[in-house]
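Have a look at the structure below, then the notes.
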Amino acid sequence: ANALDDYEEGTWTVTAYDAASGGNASPTTTTGYYTKIGNIVRMYFQLTNIDTTGMTAGSYLYITLPFATGSVSSIGEVALNNTSYNGRTNPYAFIPSNYSRFRIQVQAESTTIDIVEVGWVSSGSTDIYVNMTYEV
């Protein structure tokens, strides 16, 4: 009876960081769009020409979410251009449980997963496109 009582559409400022807890932020931001129905969030954004000035090259790249995740980890679609995967393939967004940011992972070998690092981003020219659904 109350399945649609919690419906919300909105935007948030998408920012890239060099740590899961915040760390150094990229000066490049964009507007992300979301729809939240109950405990499910559908979101998308384009973060273009990412500037990595002030970020630590060896750190993992994390990107903000409109809402922190719940107790279930999620994956989503992601596309990157002008980025070196260093021989890796199949990028995807990974949201650990109980996080307010997500990271991008790639497949290194048949069973090895790597996390995209700030140093892999071509500062000023890398774009990230994300479209995902996750549970809060």
Indicate yes or no: at least one non-hydrogen side-chain atom of [X] is less than 4.5 angstrom from one of [Y].
X	Y	result
Ile95	Met132	yes
Ser73	Phe94	yes
Asp114	Thr112	yes

Applying side chain to side chain donor-acceptor pair (under 3.5 Å), name anything that partners [X], two or more places apart in sequence or on another chain.
X	value
Tyr34	Glu8
Gln105	Tyr92, Arg103
Thr133	Arg42

**Item:** All side chain to side chain contact (heavy atoms under 4.5 Å, CB included) counterparts of Thr35, not counting sequence neighbours
**Value:** Tyr7, Glu9, Ile37

**Complete:** Residues passing the side chain to side chain contact (heavy atoms under 4.5 Å, CB included) test with Val72, sequence neighbours excluded, are Glu135

Throw together a table of side-chain donor-acceptor distances under 3.5 angstrom for residues 56-66, partners on residues two or more places apart or in other chains.
unit_1	atom_1	unit_2	atom_2	d
Thr56	OG1	Asp18	OD2	3.3
Thr64	OG1	Thr13	O	3.3
Thr64	OG1	Thr15	N	3.1

**Nearest-0.5 Å distance, OG1 of residue Thr28 to CG of residue Asp127** = 10.0 Å

**Prompt:** Taking a hydrophobic cluster as the set of Ile, Leu, Val, Met, Phe, Trp and Tyr residues connected by side-chain heavy atoms closer than 4.5 Å, whether directly or through intermediates, do Tyr99 and Val41 fall within one such cluster?
**Reply:** no

**Message:** Please determine whether residues Val130 and Phe67 belong to a single hydrophobic cluster, defined as Ile, Leu, Val, Met, Phe, Trp and Tyr linked transitively by side-chain heavy-atom distances below 4.5 Å.
**Reply:** yes

**Prompt:** Do Val78 and Ile128 pass the side-chain contact (heavy atoms from CB on, under 4.5 Å) test, and can you show the C-alpha distance, the side-chain angles, and the key distance before you say yes or no?
**Reply:** CA-CA 7 Å; Val78 65; Ile128 298 175; 3.8 Å; yes

**Request:** Under 4.5 Å between side-chain heavy atoms, chaining through other members, with only Ile, Leu, Val, Met, Phe, Trp and Tyr counted: pull out the rest of the cluster around Tyr44, sorted by chain and number.
**Result:** Tyr33

**Item:** Closest approach of Tyr134 to Ser74 (non-hydrogen atoms, all atoms of both residues)
**Value:** CB-OG, 3.4 Å

**Request:** Quick one: closest heavy-atom pair of Met55 and Tyr17, and the distance?
**Result:** CE-C, 3.4 Å

**Item:** Sequence neighbours excluded, every pair satisfying salt bridge (Lys or Arg N to Asp or Glu O under 4.0 Å) that has a member inside residues 92-101
**Value:** none

**Request:** Output every pair passing salt bridge (Lys or Arg N to Asp or Glu O under 4.0 Å) with a member in residues 52-77, not counting sequence neighbours, ordered by first then second residue.
**Result:** none

Donor-acceptor contacts under 3.5 Å from residues 45-52 side chains, at least two apart:
unit_1	atom_1	unit_2	atom_2	d
Asp51	OD1	Thr53	N	2.9
Asp51	OD1	Thr53	OG1	2.5
Asp51	OD1	Ser123	OG	3.4
Thr52	OG1	Ser123	OG	3.3

